[in-house]
Amino acid sequence: MDRDRIKNAIRDIPDFPKPGIQFKDITTLLLDSEAFSESIEIFHDSFKDSNLDVIVGIESRGFIFAAPLALKLGCPLAIARKPGKLPADTVSVEYELEYGTDSIEIHTDAIRKNDRVLIMDDLIATGGTARAVGELVTKCHGDIVGFAFLINLAELNGVHQLKPFPVFSILDC
Ligand code: AMP
């Protein structure tokens with residue numbers, strides 16, 4: 001599996017959306033269908049034997065990776081969204097941002113009791129978003145099998161927030 005091809009297809013944008021942030025722009029990966037496809041192959045290889053009942057994609061770039069993996073595994077896909085976007089009954093979790101708080105929601109019927117759940121996003125930075133989605137899954141009485149990311153900003157040690165669950169990432173940057 002060619003991780004360099006994937007790494008080289010991701011564009012770094014300095015000082016976006018604010019000074020000091022190095023933004024990992026995956027739109028260039030999406031334009032490279034071989035590299036994009038390679039990333040889905042790697043996820044597939046890692047989770048094909050995990051007996052998943054549902055994959056939860058995190059808004060919004062998590063959807064881009066969770067959807068093709070769910071199709072390839074023949075596994076249901078659920079989506080965790082920002083407040084006010086999901087039309088039916090939801091459960092919600094509030095989490096801390098650098099300044100203030102945010103919240104994230106999932107449909108109450110998206111996960112059943114004891115479902116084996118994989119949570120996916122494009123990138124983990126501080127880990128706050130993924131952790132909140134983990135809390136959503138727990139509130140729905142699902143069992144978290146693990147978390148999967150295309151990119152782990154390892155310096156920020158967000159993985160620490162997700163203990164004790166396994167965390168898989170294709171690239172540590
Ligand atoms: P965090 O909750 O700090 O782990 O932030 C993760 C979420 O913010 C993910 O949904 C990412 O898409 C986005 N994000 C955070 N930092 C970056 C970055 N440097 N480049 C691209 N996306 C980022």
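Remember, it's 1-based here, ligands and their atoms both numbered in the order they're listed. Residue numbers start at 1 and run along the sequence shown.
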Residues two or more places apart in sequence or in another chain: which of them pass ring pair (Phe, Tyr, Trp, His ring centres under 6.0 Å) with Phe147?
none
With clusters built from Ile, Leu, Val, Met, Phe, Trp and Tyr whose side-chain heavy atoms come within less than 4.5 Å, directly or transitively, what are the remaining members of the cluster of Phe16, listed by chain and number?
Ile13, Phe23
To which protein heavy atom is atom 20 (N) of ligand 1 closest, and what is the distance rounded to 0.1 Å?
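For atom 20 (N) of ligand 1, the nearest protein heavy atom is Lys24 N, 2.9 Å.
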Just to check, does Asp122 reach to within less than 4.0 Å of ligand 1 when the distance is taken from its heavy atoms?
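Heavy atoms of Asp122 do come under 4.0 Å of ligand 1.
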With a 4.0 Å cut-off on heavy atoms, is Leu153 touching ligand 1?
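Right, Leu153 reaches ligand 1.
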With a 4.0 Å cut-off, would you call Arg131 and Glu135 a salt bridge?
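Salt bridge present between Arg131 and Glu135.
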Which option out of Leu123, Ile124, Leu162 puts a heavy atom nearest to atom 14 (N) of ligand 1?
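Nearest option to atom 14 (N) of ligand 1, by heavy atoms: Leu123.
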Using distance alone, decide if ligand 1 has a nitrogen or oxygen within less than 3.5 Å of any nitrogen or oxygen in [X].
| X | value |
| --- | --- |
| Ala125 | yes |
| Gly127 | yes |
| Arg61 | yes |

Only one of Ile42, Asp121, Ile170 clears side chain to side chain contact (heavy atoms under 4.5 Å, CB included) with Leu150; which?
Ile170
Under 3.5 Å donor-acceptor, Ser103 side chain and Ser92 backbone:
no
